[in-house]
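To start, the structure itself, in structure tokens.
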Amino acid sequence: QVQLVESGGGLVQSGGSLRLSCAASGRTFSTYVMAWFRQAPGKEREIVAAISVTGGSRYYTDSVKGRFTISRDNAKNTVYLQMNSLNAEDTAVYYCAGRRSTILLATSAYDYWGQGTQVTVSS
């Protein structure tokens, strides 16, 4: 079993930055692909970024490329999402998720989920 806990959300002005953290339990964290998803009111949950087991491969959805950076520290069982140049369209609940082996984009492909952390960007 894997337990994930997100932190770092909050209220920020347009153009500002936040860093989200996801702390994982278990001794097998380094064997999991990790990802960040987000869901805004009235919208479907969508993948934002993902990172491979070793950190050698990363995926970003088009709307965040050049602004967001996903990283991981396997020694600390933690994955991060650095978010820069935030705008109102980034407002959502952000979720940390994990799965085995391969980066996939669908929500249904991920087996482990955190409770979510709210990010609100004001104009």
Side-chain angles (χ1 to χ4, degrees):
Q1 294 184 330
V2 176
Q3 182 178 349
L4 305 175
V5 180
E6 303 97 334
S7 62
L11 176 65
V12 64
Q13 290 187 348
S14 181
S17 297
L18 285 173
R19 189 180 75 159
L20 306 183
S21 298
C22 174
S25 66
R27 297 185 298 274
T28 59
F29 173 81
S30 63
T31 71
Y32 286 88
V33 168
M34 300 299 297
W36 289 94
F37 289 76
R38 67 185 180 187
Q39 187 166 23
K43 302 290 186 179
E44 294 183 355
R45 190 172 299 186
E46 64 172 352
I47 194 166
V48 177
I51 188 165
S52 63
V53 168
T54 64
S57 182
R58 287 160 294 278
Y59 166 83
Y60 299 97
T61 193
D62 286 346
S63 64
V64 309
K65 287 180 180 177
R67 299 189 298 122
F68 290 11
T69 303
I70 189 170
S71 61
R72 68 190 297 160
D73 186 340
N74 287 346
K76 295 182 178 180
N77 281 13
T78 303
V79 63
Y80 305 94
L81 185 68
Q82 178 67 47
M83 305 185 293
N84 299 327
S85 301
L86 287 162
N87 58 64
E89 295 181 350
D90 297 314
T91 295
V93 177
Y94 284 71
Y95 298 91
C96 179
R99 71 181 311 278
R100 293 287 192 94
S101 299
T102 306
I103 291 176
L104 297 175
L105 306 186
T107 300
S108 61
Y110 288 79
D111 303 305
Y112 305 103
W113 293 86
Q115 291 292 102
T117 186
Q118 176 71 49
V119 172
T120 302
V121 185
S122 62
S123 300

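The cationic group of R72 does not satisfy the cation-pi geometry with Y80, failing either the under 6.0 Å distance to the six-membered ring centre or the 45° limit from the ring axis.
Ring geometry for W113 against Y95 counts as perpendicular: the plane angle is over 60°, on a 0 to 90° scale with 30° as the lower cut.
Side-chain contact between L20 and M83 is present, with at least one heavy-atom pair separated by less than 4.5 Å. Put simply, the side chain of Y110 reaches to within 4.5 Å of the side chain of V33, judged on heavy atoms. Residues Y32 and R100 have side chains in contact (heavy-atom distance under 4.5 Å, counting atoms from C-beta outward).
Residue Y112 is not grouped with residue L104 when hydrophobic side chains (ILVMFWY) are merged at heavy-atom distances under 4.5 angstrom, including chains of intermediate members. Follow the hydrophobic side-chain contacts under 4.5 Å out from V93 and you never reach L18; the two are in separate clusters. In terms of hydrophobic clustering, with Ile, Leu, Val, Met, Phe, Trp and Tyr side chains grouped at heavy-atom distances under 4.5 Å, I47 and L86 are assigned to different clusters. V53 and I103 fall within a single hydrophobic cluster, where Ile, Leu, Val, Met, Phe, Trp and Tyr side chains are chained together by heavy-atom contacts under 4.5 Å. Connection of V48 to V119 is established within a shared hydrophobic cluster, with ILVMFWY side chains joined at heavy-atom distances below 4.5 Å, either directly or through further cluster members.
A donor and an acceptor atom, one from each side chain of S14 and N87, are nowhere located under 3.5 Å apart. Using a 3.5 Å distance cut-off with no hydrogens or angles, the side chains of R38 and Y94 do pair a donor with an acceptor.
Atom-to-atom distance recorded for C22:SG and L81:CG is 10.5 Å, nearest 0.5 angstrom. One finds the CG atom of N74 at 10.0 Å from the CE atom of M34 (value rounded to the nearest 0.5 Å). Of the inter-residue distances, the one linking I70 atom CD1 with Q82 atom CD reads 12.0 Å to the nearest 0.5 angstrom. Note: Q118 CD to T91 OG1 = 7.5 Å, rounded to the nearest 0.5 Å. With rounding to the nearest 0.5 angstrom, the OG atom of S108 is 9.5 Å from the CZ atom of R99. The CD1 atom of I51 lies 12.0 Å from the CH2 atom of W36; values are rounded to the nearest 0.5 Å.
The backbone N or O of C96 lies less than 3.5 Å from a partner atom in the side chain of E6, making a donor-acceptor pair. In this structure, Y60 contributes its side chain and G66 its backbone to no donor-acceptor pair below 3.5 Å. For the pair T78 (side chain) and A23 (backbone), a donor-acceptor distance under 3.5 Å is absent.
Shown here for N84 and S17, the closest heavy-atom pair between the two residues is OD1-OG, 2.9 Å. Here the shortest heavy-atom pairing between A92 and A40 reads CB-N, 3.9 Å. The heavy-atom pair separating G26 from N77 by the smallest distance is O-ND2, 2.8 Å.
Heavy atoms from other residues, nucleotides or ligands lying under 6.0 Å from CD of E46 number more than 12.
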